[in-house]
Amino acid sequence: MLQEQVLQQHEAFLESLKHRFLDDKRKAALAKFQEIGFPKKKNEEYKYTNLAEIVNKEYNFFPKKEHNVSKKDLDALHIGEENFDYIVFINGELRKEFSKISIENVEFLSFNYALNDEKHKEVFEKYFNTITHEDNPFADLNLAYCKYGFFLHVPKNTVIEKPIHVFYLSQNQEENTFYNTRNLLIAEAGSKIEVIESHHNFDDTFTFTNSVTEIFVYPNAKADWHKLQNDSDTSYLVDNTYARQEKDSLATVNTFSFGGKLVRNNLDFIHNGENINSFMNGITIINNDQLVDHHTAVHHNFPNCESYQNYKGVYNGKSHGVFNGKVFVDKIAQKTNAYQQNNNVLLSEGATIDTKPQLEIFADDVKCSHGCTVGQLDDEALFYLRARGISKNEARALLLYAFAHDAMQNIDIEPLKLKVSKLLAEKLEVDIEF
């Protein structure tokens, strides 16, 4: 159903745009999507993730703009970031009355504004859609339909002291709604920036969010992007994030997946210089029939670079987890240090995990390791805690909390670290004072 809608609605979507300089690229992307279509289970990359539930629904491509979101509703979503900046999108549109932007000397704009401003045309031609995968139908679909999202260009040697929280809210939609959000972050040489991204559906109708994020990190710059995924059971999210790093840069993507009916995270790091550091961390805690799928890739194209991947999963009910991490080491990428680990705990007989860490190494002077574990809780550790008067349920929750907690050690934002810790405790039903 959705595939037919995608083709039928495109002309009306183009007519709704104020500025049309991307029309040719949009039409070409739609043609590519039409040729490939949505991935099916016979596609090796989607072998364990059945998208039928998403694509067999009908969606509204033009969300209602009216909403009843209150400041109280938004306050409940904040993570204690009184000193943060934040930008709020409701039903696709930037809402200035809910946003707080105090940054100076930085182009901090909504994607839609930048898209319709002639002075940013040169920036779009240089960066926009230049590092997405050619064989990713979701990236093609996003290009064909993207309109709303977050755009930030951080100038050279500019340090953004306050983290920026980007909220995407959907509310007051009577039909299933299709969103194509687009984020573009450019961190020039010597700059520093931290972004938090979260999506929230307030309705009983379904949302399908197809998101693409492109991150460009220049020499000696540091860019951290934290994805806080704790949405309702009426939300689907396919997230495609690409980060290209230049020499001497550091970039981190942390992905915390606690909610949503089906979540697919595609994450690609591209190394474009020496002495690069890349960090990918993830925590997944889900229940019932939820599915979270992490697909990561790091492309080591130059010598003397490091990448670190640490993903933890806790699965209950009939939930399903997927981890497929890839590390590619080019023949010239000597002295590469790449670490990849995926550890999982299954709490019920109905929970499943498919994990496949992979290395493709064409250099001979490297340190690369990968591994995965799948199992239950350690009986000896459980016995140790119970012998000290701790109940079985509390001991179990404490062990799970400790198991997952080490995947968030490199978070520099204290309110975010506290929020994730509280969500961990809440999901695991453990009483911990923070």
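None of the values given here were measured: they were computed from a predicted structure. Nothing fancy with the numbering, it's 1 onward along the sequence.
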Please round to the nearest 0.5 Å and tell me the distance separating atom CG of N277 and atom CD of Q245.
-> 8.0 Å

Are D354 and K356 close enough for a salt bridge, meaning some N to O gap below 4.0 Å?
-> no

Any side-chain donor near an acceptor of the partner, N240 and N136, under 3.5 Å | yes

Hey, are K227 and D239 close enough for a salt bridge, meaning a charged N less than 4.0 Å from a carboxylate O?
-> yes

What distance do T132 atom OG1 and L143 atom CG have between them, rounded to the nearest 0.5 Å?
-> 7.5 Å

For residues L74 and F167, determine if any side-chain heavy atom of one lies less than 4.5 Å from a side-chain heavy atom of the other.
-> yes

Summary of salt bridge (charged side-chain N to carboxylate O under 4.0 Å, His left out) pairs that have at least one residue in residues 56-65, sequence neighbours excluded = K64-E174

Face-on cation placement of K40 at Y46 ring, 6.0 Å and 45° thresholds = no

CG on D293 to CG on L262, rounded to 0.5 Å = 8.0 Å

With sequence neighbours left out, the residues meeting ring pair (Phe, Tyr, Trp, His ring centres under 6.0 Å) with F279 are none

Only one of R182, K126, R244 forms a salt bridge (Lys or Arg N to Asp or Glu O under 4.0 Å) with E214, so which one is it?
-> R182

With F216 as partner, the option from L185, I270, T130 fulfilling side-chain contact (heavy atoms from CB on, under 4.5 Å) is T130

